[in-house]
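Notes follow the structure.
Every heavy atom of this structure was used, including side-chain atoms; hydrogens, water molecules and symmetry mates were not. Proteins get letters first, then strands, A, B, ... in listed order; numbering begins at 1 in each.
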Protein chains: 2
Amino acid sequence: MKEKPTLRELKQEKKKEDILRAAADVFIEKGYYRTTMEDVAAKLFMTKGSVYYYFADKQDLLFQSQVMLLKRGLLTIKEILNEEISAKEKLKKSLIQHIEHLINERSGFSMLIKPEQDFTVEQESIIFELREEYGKCFDFPIEEGIQTGIFQTNDPKIVRNLLLGAMNSLVQWYSPNGKKSKQEFADHVADYLLRMLVVDTE
Amino acid sequence: MKEKPTLRELKQEKKKEDILRAAADVFIEKGYYRTTMEDVAAKLFMTKGSVYYYFADKQDLLFQSQVMLLKRGLLTIKEILNEEISAKEKLKKSLIQHIEHLINERSGFSMLIKPEQDFTVEQESIIFELREEYGKCFDFPIEEGIQTGIFQTNDPKIVRNLLLGAMNSLVQWYSPNGKKSKQEFADHVADYLLRMLVVDTE
DNA sequence: TAAAATTTTGAATATTGATTCAAAAACAAT
DNA sequence: ATTGTTTTTGAATCAATATTCAAAATTTTA
């Protein structure tokens, strides 16, 4: 049943890939809704009509580019699982792998709307201030804890961001149907997060 | 210079608030780009024209509703800072507060595009599968580590999600201009995250 | 090289949804 | 009740793009 792929088919495959890469790039940079089909086409010096020859519609482009990114990430991370190393090493390597994937592709599991892309500069700076102020509410106790020695870290800023990032992700995966009550859940999550700062058991 | 607010002005204030709340709700539920001004208006049994009487444009609605949410969150979290408790207590309380705020408002620091909102059901389920597969790559070593006793947690799923959430947030705040090299950075971050699982110092 | 198949083009169409606005309705003050 | 002010309405406008499509260009095949 296997057909030999003709030259043409190979070419077509390549073109599709190119388009997907370009699309992913632009989507990541400008956000899905703000990119036009022309943006994508322009990136490859084609016209939008051409893009439609390869892909059904804009949504298809988003979908397939997401699949591509995910598959690409999966490939490398799966290799790690097969290595002959301790679970801790394995996890650490996977984390590093994922982090580098994120940094390089600038694209995570979910697409973001960055407000700075829609707001005016004044609006943007106001939001920025508020977020800073909010962040400070975590920085203060962290700094205090470092002073008094209950927290151990050389990167308070990084940890702060990790804490906030981990929490904010809740919006996506928290389900109120779990076993735990809201309070219990919040309490446990807070404990796990706190562990990032507290190394010794008291 | 202070003017007594007339009945009318009070009413107007209230209406504005109502609209902002409604807008925030719909934005959170459907995502900014997918909500129309009519959606917002309908939520309050008004017509879109009316909304324009109170707000300049859609963007303004997004901006002001974000400000509202942020300010509301700030209010409660700031109180915690003034309490007479240890830094660790303070941080924990703040974390819990933030977590509950997130759960209740279903809105974090950034707006996300949830694929389930744009994709067809088939597309959605494919993406879902891939993400699951990806997540598993972290679950396996975590489970293994729990078995062998190097990891301590009763909530591997939660921790897994926290790890991924924290990492994915990188996309938003990581700057390549920091002191650390990419590798160093990834390594440190991974170490902090690992702390969530490893309680004892070896 | 000619015919057939594939790919590209860009203008035309379609749709969606934001924004405007003049008129109507509701309201407040005298 | 009358008049002036505020608010609401919904139809009309406007703009931006996604999408289509027939014709032109290109490539492959024989």
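For D:dT7, one of the phosphate oxygens OP1 or OP2 lies less than 4.0 angstrom from a side-chain nitrogen or oxygen of B:Gln12. Using a 4.0 Å cut-off, no side-chain N or O of B:Lys48 falls inside it from OP1 or OP2 of D:dA11. Contact annotation: A:Tyr54 side-chain N/O to C:dT8 OP1/OP2 distance is under 4.0 Å.
In this structure, B:Tyr33 places its OH atom 24 Å from P of C:dT15, rounding to the nearest Å. Spacing between atom CG of A:Leu10 and atom P of C:dT6 amounts to 15 Å, rounded to whole angstrom units. Taking atom CE on A:Met37 and atom P on C:dA12, their separation rounds to 21 Å, with Å as the unit. Look at CZ on B:Phe55: it is 13 Å from P on D:dT7, rounded to the nearest Å. If you measure from atom OH of B:Tyr32 to atom P of C:dT16, you get 19 Å, rounded to the nearest angstrom. Atom CG of A:Asp39 and atom P of D:dA16 are 14 Å apart (whole Å). Atom P of nucleotide C:dA5 and atom CD of A:Glu9 are separated by 15 Å, given to the nearest angstrom. Computed from coordinates, the A:Asp57 CG to D:dT19 P distance equals 5 Å when rounded to whole Å.
Looking at heavy-atom distances under 4.0 Å, A:Glu38 makes no contact with the nucleic acid at all. A:Lys15 comes within 4.0 angstrom of the backbone, heavy atoms only, and of no base. Within the 4.0 angstrom heavy-atom criterion, only backbone atoms of the sugar-phosphate kind lie near A:Thr36; the bases stay farther away.
For B:His188 and A:Asn154, the side-chain atoms include no donor-acceptor pair closer than 3.5 Å. B:Asn104 and B:Glu100 are not linked by any side-chain donor-acceptor pair at a separation below 3.5 angstrom, with hydrogens and angles left out of the test.
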Step-by-step side-chain contact (heavy atoms from CB on, under 4.5 Å) determination, B:Phe27 to B:Gln66: CA-CA 10 Å; B:Phe27 287 158; B:Gln66 290 269 306; over 6 Å; no
As a quick check of understanding, evaluate side chain to side chain donor-acceptor pair (under 3.5 Å) for A:Gln183 and A:Asp187, giving each step before the final call. CA-CA 6 Å; A:Gln183 288 71 30; A:Asp187 192 75; over 6 Å; no
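Here the two rings, on B:Tyr33 and A:Tyr32, have centers that are 6.0 Å apart or farther.
Closest to the side chain of A:Met46, from the set C:dT9, D:dT9, D:dA18, is C:dT9. Closest to the B:Lys58 side chain, of the nucleotides C:dA18, D:dT9, D:dA18, is C:dA18. Among the nucleotides C:dT9, D:dA18, D:dT7, the one closest to any side-chain atom of B:Tyr53 is D:dT7. In this structure, of D:dG10, C:dT9, D:dT19, it is D:dG10 that holds the atom nearest to the side chain of B:Thr47.
Of the two residues contacting DNA chain D, namely B:Phe45 and A:Tyr52, the nearest-nucleotide position lying further toward the 5' end is that of B:Phe45.
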